[in-house]
A.B. asks: 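First, the structure itself, so that you have it in front of you.
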Amino acid sequence: MSSFHPLHVASSDRGRASSCLLAQKSPVSTQSQGGTEMLEKILENPRLVVVEEPKDRGMRFRYQCEGRSAGSIMGASSTDNNKTQPTIEIQGPIDGLKKATVTVSLVSKDVPHRPHPHCLVGKDCPVDSGICVVSINPHANRSHSFANLGIQCVRRKELDVSLQKRRSQNIDPFQTGFSKGIEDIDMNSVRLCFQCELEWEDGRKDSLSPVISKPIYDKKATTTSELKIYNLNTYRGTCRGKTEVYMLCDKVQKDDIEILFRLGSWKANGEFAQTDVHRQVAIVFKTPPYEDQSVTEDVEVNVVLRRISDQMESEPVSFTYTPVCLDPYGVKRKGTKKNNMLTSEKSCGTETTPPLPSFFHQTPNVMSSGENQLEKYPQGVCLDEVIINQLLELPELLNALSDSSLPCTPGLDTSAIFDDLDMSFNQNFSNFQQDLAHINDIQFNMLVNENQNPQAERQDGVLQVKTEEEQ
DNA sequence: CCCGTGCGGTC
DNA sequence: AGACCGCACGG
């Protein structure tokens, strides 16, 4: 019997014929946690298991030319105060086992798992080898954590040189033969592949079946990177939808991204075109209508970014749909609190205070287009749905509203975007005021006085904006 | 306070 | 894609 076999080998002459049979019936049921687990543990041969996966995202693959080395792959469950590394464990019987040598290499994400041209660099990676080799004594410690494993990417033009090197090292865990497909290798993802050679007291050697980790994705590639929502300029809008929202996010691909609104089994997409994706880091979209148009209370739903190609999602942020109140008696009810907003849910008597959009500290009541604009203005005045509708009938106002598109001046950084937003706010606000000036004063005063006097803070806000505009 | 290192922005 | 650079952080 050959002493070096690429597959799961049991040495029957060590008196474990039955375990050999069993192993052949269920070769790699390493994840089994069932009731027969103990039995299997006793009977099966040693096996290699990944007990801590590598963190799949968040690390940039580094070029050799970047000098300082490529950092360390963390464990999937690693946290700031409890750091972990990718870890393997030798499970099963190890009586008579002298030592184990584990070789880690990179393989392609998809089957067949070919040797990957990218390199592993770090503590146990011989210089220029691109692989990692450790020797472990399973009797002392069955598991081994790989601290300081970095991924160093090779340039495309060095791709075949690198593969050639791997061949000369005899690294081809899944016997793919280095054959073809040199060009279509995905350079933005890899898997760790662990091969384990066992050396027994009697001199015999076995190789365990190679095991692979979950994929690891290059952080720099927007096609695979993590999705993150940083901020929305508003977190509220009516259940009718069409609220214009500005989202700041990590880099996205404009042709491969969607915004999902979700609650329970309901879901709908935020509406935007590719041209509404600004420099990959901001999206201007309109909220979809909520499924139920007749809600009487605020409804909190989740908003996520989702990459279409791999269905990857960001962490959710919550967005509140506010009711549209059509009850004329309900809306006649006057606000009882100071600082009521001109929002339809206020006129319906609910109590929640809208959160300040956190990236507009200077001008919390950002104007945008459509009914959202009305919802936000004037803060501190209590008007109700009837008045909103009356205001909306005024042609001057309609013009003001429809004229409020945001100029998308190319900015070099996000602060420039904020400047744009602020400018736009001021312009729109000023237009709005001018147009309000055309409204019959008596008409307007009636509308306002019938409800509540503007608050002092609000007047400050108006004054401030006006001053800026005049300068 | 300096330096090596990790990290991220940008060209 | 590949390289370069600067900042922040920890020793």
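Below, chains carry the letters A, B, ... as their sequence lines are ordered, and counting in each starts from 1. Just so we're clear, the structure is a prediction, and the values are computed from it rather than from any experiment.
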A.B. asks: So do A:H278 and A:V284 actually touch side chain to side chain, heavy atoms under 4.5 Å?
C.D. replies: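 In short, these two side chains do not touch, never coming nearer than 4.5 Å.
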
A.B. asks: Distance check needed: B:dG8 C1' versus A:D218 CG, whole Å only.
C.D. replies: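 In whole Å, B:dG8 C1' and A:D218 CG are 13 Å from each other.
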
A.B. asks: Among the candidates C:dA3, C:dG2, C:dC4, find the nucleotide nearest to the side-chain atoms of A:E66.
C.D. replies: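 Nearest to the side chain of A:E66 among the choices is C:dC4.
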
A.B. asks: Using whole Å, report how far CD1 of A:I73 lies from C1' of B:dG6.
C.D. replies: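 One finds 15 Å between C1' of B:dG6 and CD1 of A:I73, rounded.
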
A.B. asks: Below 3.5 Å, does any donor atom in the side chain of A:K220 face an acceptor in the base of C:dG2, or the other way round?
C.D. replies: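 Flag set: donor-acceptor pair detected.
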
A.B. asks: Would A:K98 and A:E199 pass as an ion pair if we require N to O under 4.0 Å?
C.D. replies: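 Salt bridge between A:K98 and A:E199, a charged N being under 4.0 Å from a carboxylate O: yes.
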
A.B. asks: Tell me whether the side-chain N or O atoms of A:R62 pair up with the base of C:dG2 as donor and acceptor below 3.5 Å, since no angle test is needed here.
C.D. replies: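 Flag unset: no donor-acceptor pair detected.
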
A.B. asks: Between C:dA1 atom P and A:F61 atom CZ, what is the distance in whole Å?
C.D. replies: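 It is 12 Å, rounded to the nearest whole Å.
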
A.B. asks: Starting from P on B:dG8, measure out to CZ on A:R57 and report it in whole angstrom.
C.D. replies: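 One finds 15 Å between P of B:dG8 and CZ of A:R57, rounded.
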
A.B. asks: Can you check the A:N148 CG to B:dT5 C1' distance for me, whole Å?
C.D. replies: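 That distance rounds to 11 Å.
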
A.B. asks: Going by an N to O cut-off under 4.0 Å, is there a salt bridge joining A:D310 and A:R57?
C.D. replies: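 Between A:R57 and A:D310 there is a salt bridge, with a charged N closer than 4.0 Å to a carboxylate O.
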
A.B. asks: Which of the following nucleotides, C:dG2, B:dC7, C:dA3, is nearest to the side chain of A:R60?
C.D. replies: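 Among C:dG2, B:dC7, C:dA3, the one nearest the side chain of A:R60 is C:dA3.
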
A.B. asks: Looking at A:Y63, I'd like to know whether one of its side-chain N or O atoms comes within less than 4.0 Å of OP1 or OP2 on C:dA3.
C.D. replies: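 Answer is no, no contact under 4.0 Å.
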
A.B. asks: Check the distance between C:dA3's P and A:Q152's CD and give it to me in whole angstrom.
C.D. replies: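 Those two atoms, CD and P, are 11 Å apart.
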
A.B. asks: Is the ring pair A:F261/A:Y321 parallel, tilted or perpendicular, if the boundaries are 30 and 60 degrees?
C.D. replies: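 It falls in the tilted class, 30° to 60°.
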
A.B. asks: Strictly below 4.0 Å: does A:R155 bring a side-chain N or O up to OP1 or OP2 of C:dG2?
C.D. replies: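 No, because none of the side-chain N or O atoms of A:R155 sits under 4.0 Å from OP1 or OP2 of C:dG2.
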
A.B. asks: Nearest whole angstrom, please: distance from the C1' of B:dG8 to the NZ of A:K228.
C.D. replies: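 Whole-Å distance recorded here is 14 Å.
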
A.B. asks: Given atom OH of A:Y230 and atom C1' of B:dG8, what is their separation to the nearest angstrom?
C.D. replies: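 In whole Å, B:dG8 C1' lies 11 Å from A:Y230 OH.
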
A.B. asks: So, applying side chain to side chain contact (heavy atoms under 4.5 Å, CB included) with A:T287, which one of A:V301, A:T243, A:N269, A:I259 is it?
C.D. replies: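 Only one option passes, and that is A:T243.
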
